[in-house]
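Working notes for the structure below.
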Amino acid sequence: MENSAAAITIRGLVKRFKQVEAVAGIDLDVRPGETFGFLGPNGAGKSTTIKILCTLADATAGTATVAGFDVARERNQVRRHIGLVFQEPTLDAYLTAEQNLRFHGELYGVDRATAAQRRQEVLTMVDLWERRGDLVQTFSGGMRRRLEIARGLLHSPRVLFLDEPTIGLDPQTRASIWDYLKELHRRQEITVFVTTHYMDEAEHCDRIAIVDQGHIVALDTPAALKSGIGKDRVQITCDDDALAIEELAARFGLEAAVHEGAVTFAVAEGAAFVPQLFAGLAVAINSVTVTRPSLDDVFLAYTGKTIRDAEAARPMSPMAFAARGR
Amino acid sequence: MTAVDPTPVAAVRVPAAGLRHQVRAAAVVWQREMIRFGRDRSRIVSSLAQPVLFLFVLGTGLSSLIASSGDVDFRTFLFPGVLATSVLFTAAFSGISMVWDREFGFLREMLVAPVSTTAILTGKCLGGATVATLQSLIILALAPLVGVPYNLVMMVKLVGLLFLMAFMICALGLFLSARVKQVQSAMPLVQLTITPLMFLSGSLFPLSNLPGWLHVATTLNPMTYAVEPIRSVVFDHLDLSPAARATFDPGITWGGWQVPVPLQVAIVAATCLVLLGLAVARFARTE
Ligand SMILES: Nc1ncnc2c1ncn2[C@@H]1O[C@H](COP(=O)(O)OP(=O)(O)O)[C@@H](O)[C@H]1O
Ligand SMILES: [Mg+2]
């Protein structure tokens with residue numbers, strides 16, 4: 001019974017492509033009404049997980065339910081209760097904004113009077129009502145995303161899936177997308193499952209799972225994950241990285257490594273530690289940066305690499321090449 | 001969650017998938033093809049170039065050769081074939097356009113909706129067939145220029161036959177492109193299948209006195225059964241000697257038996273359903 005109360009349940013989910021195990025055994029429960037973030041670098045398996053949950057891909061092993069329906073056996077029921085915004089654009093650019101929504105309403109069998117009212121509601125919510133008669137062709141990337149969000153909401157889904165809704169957008173537009181999602185939560189009871197590889201965006205979620213190479217490596221509220229780290233991140237640049245790492249280990253018992261071109265380590269009360277650093281190291285230090293723990297550090301703590309390292313290490317996925325360029 | 005907003009949200013219930021819902025889904029897929037066709041006027045003009053060249057350049061060029069063989073203008077003979085050929089290409093591209101829908105992502109919007117693949121593909125076929133038939137109206141309007149009279153009954157029959165043929169070809173296009181992921185591979189597919197269908201259908205030469213192998217090939221080609229009724233309807237409305245008719249419109253024979261036109265139409269209709277069914281079966285909805 002615990003399962004039917006959850007908006008999404010995932011048990012032992014595996015998806016294997018020819019050479020890659022994109023999803024390598026995931027277990028997860030998403031509660032109704034929460035905004036759940038799925039965070040990880042490119043190629044972590046986020047899109048693949050969403051495709052399975054949305055009935056667009058078959059799992060190699062494991063089971064999942066969405067809104068109480070099995071994604072393999074009750075596909076139509078699942079489809080009826082979910083809204084989707086994919087990583088790649090799925091609008092018809094030769095139709096107007098309103099024609100795209102009209103198409104969606106008909107495809108989902110929404111009765112015509114309600115559909116007209118809903119179109120106005122969702123287009124107003126994303127500030128596109130005035131532009132409803134324009135061809136999508138003429139829309140900017142941000143406007144297209146907003147239109148896709150509006151379309152995903154048209155049939156009042158119980159669960160809304162958003163795959164990288166902010167990718168490729170400027171910071172201001174990214175912020176406004178999150179504003180719309182917050183507004184949405186204020187208006188109606190809906191579960192939102194959102195993926196991103198921008199660590200800072202996790203702050204908008206009630207709970208997040210950090211994924212790497214198809215595994216969930218951490219799962220909690222953003223605050224709990226950060227307080228679990230408890231240390232600040234210190235990055236120094238100096239003339240001899242190897243020597244610095246050696247001395248940090250010898251004198252302070254700190255484990256340091258080179259990340260993003262700087263010697264990086266975690267230490268409690270980082271700001272207070274800086275004077276000791278200068279006193280204790282024989283190596284000449286050129287610069288020091290101290291950062292309060294962020295989700296990037298959470299990622300670093302659980303996977304032993306920064307999110308940028310993780311992305312650099314992995315060849316670009318074929319899916320990422322196809323990702324939205326506009 | 002937090003306080004409920006005072007503005008009421010319109011309650012939506014997505015209905016269980018009944019037949020009515022499936023019909024609505026097919027209708028809106030059809031409607032999208034119509035909207036896109038209306039937006040793309042240049043396509044209408046460019047699609048006319050080939051049939052006009054066939055009819056007036058090839059037709060005129062060859063008519064001097066064939067003039068001796070009776071009282072039929074070769075262009076008149078070509079007219080039904082050119083109608084069929086133009087519909088053939090337009091419909092094939094409409095079917096193949098599913099590959100573009102896949103490439104530009106819109107296909108996903110359809111695949112993740114709570115409707116059957118049959119509804120989506122039927123809507124697509126009806127849309128492609130309507131577009132192809134609308135385009136053929138322009139060629140139909142040229143009829144008097146090649147000695148075919150304007151006749152209402154003939155025109156209505158022709159439109160019906162062209163629509164049926166377009167549906168069949170569109171379904172074939174969908175079947176062929178069901179698993180194609182790349183736009184580049186779609187074009188060769190059209191060339192490799194549609195061109196032979198055209199040449200082996202009797203649309204550009206009479207089916208009389210063919211060598212054995214060609215006779216077999218044309219008899220097996222479903223396009224033959226779509227083209228022959230069209231020619232038959234046109235020739236019914238021409239003033240011809242029986243000898244000329246026998247040369248230019250010999251009909252289709254199975255081992256000496258003359259296949260009646262209604263049976264030919266029934267064969268095309270059945271082929272439509274079979275190809276649509278195969279396309280649905282082959283269409284991968286998941287990865
Ligand atoms: N259709 C596919 N065929 C083969 N490999 C795939 C396919 N889709 C994804 N992958 C691989 O699976 C891994 C996870 O991809 P994806 O789920 O798109 O990651 P993310 O969305 O987290 O960036 C990547 O290594 C990618 O190359
Ligand atoms: Mg992705």
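Order of the sequence lines fixes the chain letters, A, B, ..., with proteins taken first and strands second; residue numbering starts at 1 for each chain.
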Go through the atoms of B:Leu111 and report whether side chain, backbone, both or neither lie under 4.5 Å from a heavy atom of chain A.
both
Donor-acceptor pair, A:Lys15 side chain versus A:Asp58 backbone, under 3.5 Å?
yes
Check each atom of B:Arg39 against the heavy atoms of chain A and say whether the ones under 4.5 Å are side chain, backbone, both or neither.
side chain
Please confirm whether the backbone N or O of A:Ala67 pairs with a side-chain atom of A:His81, one donor and one acceptor, at under 3.5 Å?
no
Test your reading of the model: is there a side-chain donor-acceptor pair from B:Arg24 to the backbone of A:Val110, 3.5 Å cut-off?
yes
Report yes or no: is the cationic atom of B:Arg282 (NZ for Lys, CZ for Arg) under 6.0 Å from the centre of the six-membered ring of B:Phe175, at an angle within 45° of the ring normal?
yes
Could you verify whether a donor N or O on one side chain and an acceptor N or O on the other, from B:Gln22 and B:Ser116, lie under 3.5 Å apart?
yes
Under a plain distance cut-off of 3.5 Å, with no hydrogens placed, do B:Arg36 and B:Ser97 share a side-chain donor-acceptor pair?
no
For chain A, which residues of residues 26-33 of chain B have at least one non-hydrogen atom nearer than 4.5 Å to it?
B:Val28, B:Val29, B:Arg32
OG1/A:Thr35 to NZ/A:Lys182 distance, rounded to the nearest 0.5 angstrom?
9.0 Å
Quick check for you: among B:Ile120, B:Asp101, B:Ile35, which has the greatest number of heavy-atom pairs under 4.5 Å with chain A?
B:Ile35
Counting heavy-atom pairs under 4.5 Å with chain B, the top scorer among A:Thr55, A:Leu56, A:Asn100 is A:Leu56
Counting heavy-atom pairs under 4.5 angstrom with chain B, the leader among A:Thr48, A:Val78, A:Leu95 is A:Leu95
Would you please say whether a donor-acceptor pair under 3.5 Å links the side chains of B:Ser86 and B:Gln135?
no
For A:Leu84, is it the side chain, the backbone, both, or neither that has a heavy atom closer than 4.5 Å to a heavy atom of chain B?
side chain
What class does the angle between the rings of A:Tyr108 and A:His155 fall in, given that below 30° is parallel, 30 to 60° is tilted and above 60° is perpendicular?
parallel
Against chain B, label A:Ile52 side chain, backbone, both or neither, depending on which of its atoms sit under 4.5 Å from a heavy atom there.
neither
